[in-house]
Amino acid sequence: MSTHNFGIAIHGGAGTILKSEMTPEKENNYKAALEKALQAGYDCLENGKTAMEAVEAAIIELENSPLFNAGRGAVFNAKGQHEMDASIMDGKTLHAGAVAAVRNLKNPISLATKVLHHSDHILLMGEGAAEFAKQFEIEFESDEYFFDQYRYDQWQKIKGTDNFQLDHSKKEKKYLGTVGAVALDKDGNLAAGTSTGGMTNKKFGRIGDSALIGLGTYANNKTCAISCTGSGEYLMRAVTAYDVSSRMEYKGLNLKDAVNESIMDRLTEIGGDGGLVAMDKDGNIEMPFNCEGMYRASKNAQQTVVEIYR
Ligand code: ASP
């Protein structure tokens, strides 16, 4: 039996600390956190686990780090709460699970996975999602767990206004980021997942691309697995994750050309900024972005990559 060219790619958000503000210490912290998550996912694949399991394992690590805007590090919404979105998709079955505007969940990606496996629905939100979570061993955390002084200060600056702060906004000097992962396992199955706190001061109840299948997350064994990050409202309008897959399926493009058209052309043309991590069924990996940086990493049998800027 042939073993596929298994591997994993992850991101910690397309909005990065500006290069001019990055210190060697911060850079090491980010890279170490990325490496830890990458390894958690890669270990799964090496041990014969599924791409779905690898994606969840990598995202859990990223959600547990306060450095990234997901799980523990989720930003504040306009009410000073942490409302989180997450989704996951299995490229083999085309089944998907997602949660939106959930609060106090330690690992939203795990609840999204439960929605996939244990409900007939794709997307549960808010209180309904929390009620659904109670039948499983899903961990909840207090509001203090999600408190971070930097994010609180960031929110205070725009609180009470109609503005919201994208992690990538060029106006602010320091950025945070959504997290995501894509993987190809030894059996040749693809999976993709994404998790986020959204944007600082976003409206109560605002749901972004990260919760939505085909927009922030998509996987199909026929084509590719995609996890997006960036200005959510634009990624939604560009239907970015499915757009990449469609370019491969209908236009016959390879992964590299498909992601470039989706990010560098289509998303850029409508004024969106961001990027994505992508893998195709042959194990090729692409991690394009149209902004200054994107926390990203990938690993397969041939190489390990951990990068922030161009
Ligand atoms: N796309 C995410 C959202 O709009 C934000 C991000 O990727 O940083 O919720």
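This one's a predicted model, so the numbers in the text were calculated from it and none came from an experiment. The analysis underlying the following values was restricted to heavy atoms, covering all of them including side chains, and did not include hydrogens, waters or symmetry mates. Every number for a ligand or one of its atoms is a count from 1 in the order of the listing.
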Please report whether the ring centroid of Phe76 lies less than 6.0 Å from that of His82.
yes

Identify whether Leu190 and Tyr218 are in the same connected component of the hydrophobic contact network (ILVMFWY, side-chain heavy atoms under 4.5 Å).
no

Does Ser231, backbone or side chain, put an N or O under 3.5 Å from an N or O of ligand 1?
no

Which one of Ile207, Thr178, Thr194, Leu215 has a non-hydrogen atom at the shortest distance from atom 8 (O) of ligand 1?
Thr178

N/O to N/O below 3.5 Å, does that happen between Glu233 and ligand 1?
no

Is there a polar contact between ligand 1 and Met199, counting only N or O atoms under 3.5 Å apart?
no

What atoms of ligand 1 come closer than 4.0 angstrom to any heavy atom of Gly232?
1 (N), 4 (O)

Would a 4.5 Å heavy-atom cut-off, applied to side chains only, mark Thr200 and Lys157 as touching?
no

Contact check, side chains of Leu255 and Val259, non-hydrogen atoms, under 4.5 Å:
yes

Looking at ligand 1, does Gly13 have a heavy atom less than 4.0 Å from it?
no

For ligand 1 and Gly208, I'd like to know whether there is a polar contact (N/O to N/O, distance under 3.5 Å).
no

Between Asp209 and ligand 1, does any nitrogen or oxygen pair lie at a separation below 3.5 Å?
yes

Any heavy-atom pair between the side chains of Phe289 and Arg296 that's under 4.5 Å?
yes

Report, in ascending order of atom number, the atoms of ligand 1 lying under 4.0 Å from any heavy atom of Thr229.
6 (C), 7 (O), 8 (O)

So the atoms of ligand 1 within less than 4.0 Å of a heavy atom of Arg206 turn out to be 3 (C), 4 (O), 9 (O)

Please identify which of these residues, Asp85, Thr196, Thr194, meets the side chain to side chain donor-acceptor pair (under 3.5 Å) condition with Thr178.
Thr196

Short list, please: which atoms of ligand 1 are under 4.0 Å from a heavy atom of Gly230?
1 (N), 2 (C), 4 (O), 5 (C), 6 (C), 7 (O)

Is the shortest heavy-atom distance from the side chain of Arg247 to the side chain of Arg266 under 4.5 Å?
yes

Using a 3.5 Å distance criterion without hydrogens, assess whether the side chain of Asn300 forms a donor-acceptor pair with backbone atoms of Phe6.
no

